[in-house]
Amino acid sequence: MNTPFSPGRLALNITLWLAALLWCLPILTAIWVAIHPIAQQGHLDLFSPLTLDNFVAAWHAAPFARYFINTTLLVLMIVVVQLVLGTLAAYALVRYEVKFGGVLFALILLQLMISPDVLILNNYKTISALGLRDTLTGIALPYFASAFAIFLLRQTFKGIPRVLEEAAVMEGASRLYILRKLYVPLAKPTYMAFALVSISFHWNDFLWPLVIADSVNVRPLTVGLQLFSAPEQGVQWALIGAGTLMTTLPLLVLFLLFQRQFVQSFMRAGIR
């Protein structure tokens, strides 16, 4: 069935396409700059020769292999710990009769209202006192407890019928076994939704790693990318564009592969 023509619908479609183009403009600009020779950056045209040399030069201009390893280890460490702690906390809030449980949950949600940047000074003092400065653990430690993960998992666990757990208890199952075999499998969409959000956030995190990391051995991609704009080297936009694309490519591929699961996960794990 064909949709009848409507000027309002046409205007809406044009607006959406323009907004999408505006959103993609930085990426398109980075691609355009990265695939053209540095010598021709000032007078580019549609028929300028294309090259991949900028990606090779950017890769060798900084230890990107080390940066990718650091970022991958850092993100995996944070996401795994967040999911484990979030699962345990959410299960305790839902299935255990905790005194002042509502107040405790409200205090946990306060974390969502506080920007992490506000706590940088206190976190820096704490990490330094623990002797974890300039380590991947020191970068990851302030993010281990995630109120967002606890909130999502708590809402999901509340929707699981208690009768299923009671039946498992009657069969002699332990709490840990019930959590591992019943709750976790039923909450897979929520785990996927949160994991994608957490990976995206911590892959792009810049300020806290910049403050706490000093050496190449622990420096993530976002901090390493700033080397291309160092004043003593001059601003080489071709290398910056190539480095930016290499940094963001894993996230773009991840989103393209799991975009449908991502949307469906949040639709199922939304606020009830």
Side-chain angles (χ1 to χ4, degrees), residues 16-79 115-117 120 134 136 139-140 143 195-259 262-263:
L16 292 176
W17 277 105
L18 289 177
L21 180 62
L22 183 63
W23 183 86
C24 294
L25 188 59
I27 298 178
L28 296 177
T29 303
I31 295 174
W32 177 267
V33 173
I35 62 177
H36 289 84
I38 297 178
Q40 301 186 12
Q41 294 293 316
H43 51 279
L44 296 179
D45 56 61
L46 295 177
F47 302 101
S48 298
L50 305 181
T51 179
L52 296 179
D53 292 341
N54 293 326
F55 292 93
V56 178
W59 181 267
H60 292 291
F64 265 101
R66 180 74 255 179
Y67 294 158
F68 270 103
I69 294 174
N70 293 341
T71 305
T72 303
L73 292 176
L74 177 65
V75 170
L76 289 178
M77 183 193 311
I78 293 175
V79 173
S115 173
D117 298 342
I120 281 184
D134 198 28
L136 290 179
I139 300 175
Y143 299 106
L196 291 174
V197 172
S198 183
I199 290 172
S200 177
F201 175 81
H202 294 292
W203 190 277
N204 293 315
D205 194 16
F206 172 74
L207 185 57
W208 172 245
L210 176 66
V211 171
I212 206 68
D214 297 329
S215 63
V216 175
N217 293 330
V218 297
R219 188 177 295 155
L221 280 168
T222 51
V223 178
L225 192 61
Q226 71 168 338
L227 296 177
F228 293 103
S229 59
E232 61 273 10
Q233 297 179 359
V235 180
Q236 300 184 22
W237 294 111
L239 298 185
I240 293 176
T244 302
L245 291 176
M246 289 190 297
T247 302
T248 57
L249 182 60
L251 288 182
L252 292 175
V253 173
L254 185 67
F255 179 75
L256 291 176
L257 291 177
F258 296 101
Q259 57 178 330
F262 178 78
V263 175

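Every heavy atom of this structure was used, including side-chain atoms; hydrogens, water molecules and symmetry mates were not. Residue numbers start at 1 and run along the sequence shown.
- Using a 4.5 Å cut-off on side-chain heavy atoms (C-beta onward), Trp208 and Asp117 make no contact.
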Considering only distance and modelled atom types, tabulate donor-acceptor pairs under 3.5 Å from the side chains of residues 18-26, sequence neighbours left out.
none

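- Ile69 contributes atom CD1, which lies 10.5 Å from atom CG of Asn217 (distance to the nearest 0.5 angstrom).
- Separating the CD1 atom in Ile240 from the CG atom in Leu225 is a distance of 7.5 Å, to the nearest 0.5 Å.
- Across all their heavy atoms, Ile78 and Ala140 have their closest contact at CG1-CB, 3.4 Å.
- Asn204 has its side chain within reach of Ser200: a pair of non-hydrogen atoms, C-beta onward, lies under 4.5 Å apart.
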Could you check Thr222 against Asp205 for side chain to side chain contact (heavy atoms under 4.5 Å, CB included), going step by step and ending with a plain yes or no? CA-CA 7 Å; Thr222 51; Asp205 194 16; 5.7 Å; no
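- Considering every non-hydrogen atom in both Ala242 and Ala34, the closest pair reads N-CB, 3.6 Å.
- Phe201 and Tyr143 have perpendicular rings, their planes meeting at more than 60° on a 0 to 90° scale where under 30° would count as parallel.
- The minimum heavy-atom distance linking Pro250 with Thr247 is given by the pair CD-O, 3.5 Å.
- Shown here for Asp214 and Arg219, the closest heavy-atom pair between the two residues is O-NH2, 3.2 Å.
- The distance from the CD1 atom of Ile120 to the OG atom of Ser115 is 8.0 Å, given to the nearest 0.5 Å.
- The shortest heavy-atom contact between Gly243 and Ala58 is N-CB, 4.1 Å.
- Among the candidates Val253, Leu245, Leu251, the single residue satisfying the side chain to side chain contact (heavy atoms under 4.5 Å, CB included) test with Leu249 is Val253.
- Taking all atoms of both residues into account, the shortest heavy-atom contact from Leu221 to Tyr67 is CD2-CB, 3.5 Å.
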Show the numbers, then the answer: is there a side chain to side chain contact (heavy atoms under 4.5 Å, CB included) between Asp134 and Ile212? CA-CA 6 Å; Asp134 198 28; Ile212 206 68; over 6 Å; no
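- Taking OG1 of Thr71 as the reference point, atom CZ of Arg66 lies at 10.0 Å (rounded to 0.5 Å).
- Annotation: side chain of Val79 is in contact with side chain of Ile199 (closest heavy-atom distance under 4.5 Å).
- Atoms CH2 and CE, from Trp59 and Met246 in turn, are 6.5 Å apart once rounded to the nearest 0.5 Å.
- With contacts defined as side-chain heavy-atom distances shorter than 4.5 Å, the pair Asn54/Ile35 does not qualify.
- With a 4.5 Å cut-off on side-chain heavy atoms, Trp203 and Leu74 do not count as touching.
- Counting only distance, with no hydrogens or angles, the side chain of Asn70 and the backbone of Val216 share a donor-acceptor pair below 3.5 Å.
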